Amino acid sequence: YICGTRGWMLPDDDRFKSEDMKVYKRELIRLELSLSGLPFPRSKKVIVMLHYPPVYEKGKPSEFIEIMKKHNVDTCVYGHLHGENLKRVVEGQVEGINLYMVSCDYLGFKVKKIG
């Protein structure tokens with residue numbers, strides 16, 4: 001199954017302002033709604049697609065990760081990071097969820113095999 005939402009910058013980000021909290025909370029709700037619509041028990045893996053990263057720079061989980069854990073998500077793909085921000089990429093397992101960064105410039109405009 002594939003679910004997702006846009007996501008948003010995370011509250012500990014230096015650029016995060018008070019007005020961003022409304023968007024952040026709305027995106028958390030959208031992810032929860034997307035995952036809540038899946039059948040249970042599931043016979044297939046669950047992939048979440050986000051635009052923004054679901055983790056902080058050092059791999060610290062956000063509330064997006066907590067929602068994915070609650071719904072037994074296997075894999076999360078995300079983008080948003082380009083240029084200088086590519087140093088902030090986190091890939092691999094975080095809290096049991098396989099993270100893949102898939103922005104085109106990060107991948108050298110090549111296809112990324114997931115799973």
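Excluded from the calculations below are hydrogen atoms, water molecules and symmetry mates; all remaining heavy atoms, backbone and side chain alike, are included. None of the values given here were measured: they were computed from a predicted structure.
Contact check for Phe64 versus Glu27: side-chain heavy atoms found under the 4.5 Å cut-off. Contact of the Val46 side chain with the Asn72 side chain is not registered, since no non-hydrogen atoms from C-beta on lie closer than 4.5 Å. Annotation: side chain of Trp8 is not in contact with side chain of Lys25 (no heavy-atom distance under 4.5 Å). No side-chain heavy atom of Leu38 sits less than 4.5 Å from a side-chain heavy atom of His71. The closest side-chain heavy-atom distance from Asp74 to Tyr1 is not below 4.5 Å. Proximity of Glu32 to Lys70: side-chain heavy atoms (C-beta onward) are separated by under 4.5 Å at one or more points. With a 4.5 Å cut-off on side-chain heavy atoms, Tyr78 and Met101 count as touching. Taking 4.5 Å as the limit, every side-chain heavy atom of Lys45 sits out of range of all side-chain heavy atoms of Asn98.
Of the inter-residue distances, the one linking Leu28 atom CG with Glu63 atom CD reads 5.0 Å to the nearest 0.5 angstrom. Distance CG/Asn85 to NE2/His80: 6.5 Å, rounded to 0.5 Å. Between the CG atom in Leu86 and the OH atom in Tyr106 there is a gap of 8.0 Å [rounded to 0.5 Å].
Among all heavy-atom pairs drawn from Ser62 and Tyr24, the shortest one is CB-OH, 4.3 Å. Pairing each heavy atom of Cys3 with each of Ser34, the nearest pair is CB-OG, 3.0 Å. Between Asp105 and Gly83, the shortest heavy-atom contact is OD2-N, 3.4 Å. Residues Met9 and Tyr52 share a closest heavy-atom pair of N-CD2, 3.7 Å. Taking all atoms of both residues into account, the shortest heavy-atom contact from Val55 to Pro61 is CG1-CA, 4.2 Å. Of all heavy-atom pairs spanning Tyr100 and Lys113, the tightest one is CE2-O, 4.3 Å.
Enclosure of atom CD in Glu84 is not indicated, since only 12 or fewer non-hydrogen atoms of other residues, nucleotides or ligands lie within 6.0 angstrom.
Linking Ile, Leu, Val, Met, Phe, Trp and Tyr whenever their side-chain heavy atoms come within less than 4.5 Å leaves Leu35 and Ile29 in two separate clusters. Ile114 and Val73 fall within a single hydrophobic cluster, where Ile, Leu, Val, Met, Phe, Trp and Tyr side chains are chained together by heavy-atom contacts under 4.5 Å. When the side chains of ILVMFWY residues are joined at heavy-atom separations under 4.5 Å, either directly or via intervening members, Leu33 and Met49 end up in two distinct hydrophobic clusters.
Note on Lys22 versus Glu19: no salt bridge recorded, every NZ/NE/NH1/NH2 to OD/OE distance being 4.0 Å or above. Taking a cutoff of 4.0 Å between a charged side-chain nitrogen and a carboxylate oxygen, Arg88 and Asp13 qualify as a salt bridge.
In this structure, Thr75 contributes its side chain and Ile47 its backbone to no donor-acceptor pair below 3.5 Å. Judged by distance alone, with hydrogens and angles left aside, the side-chain atoms of Ser103 form a donor-acceptor pair with the main-chain N or O of Leu81 at under 3.5 Å.
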Check against side chain to side chain contact (heavy atoms under 4.5 Å, CB included), Lys60 and Asp12: CA-CA 11 Å; Lys60 176 185 163 193; Asp12 285 356; 3.1 Å; yes
Show your reasoning for whether side chain to side chain contact (heavy atoms under 4.5 Å, CB included) applies to Ile65 and Leu99. CA-CA 10 Å; Ile65 293 289; Leu99 295 183; 4.3 Å; yes
Stepwise side chain to side chain contact (heavy atoms under 4.5 Å, CB included) check, Cys76 with Leu50: CA-CA 7 Å; Cys76 176; Leu50 298 172; 3.9 Å; yes
Derivation and outcome, side chain to side chain contact (heavy atoms under 4.5 Å, CB included), residues Met68 and Leu31: CA-CA 8 Å; Met68 287 187 258; Leu31 180 59; 4.2 Å; yes
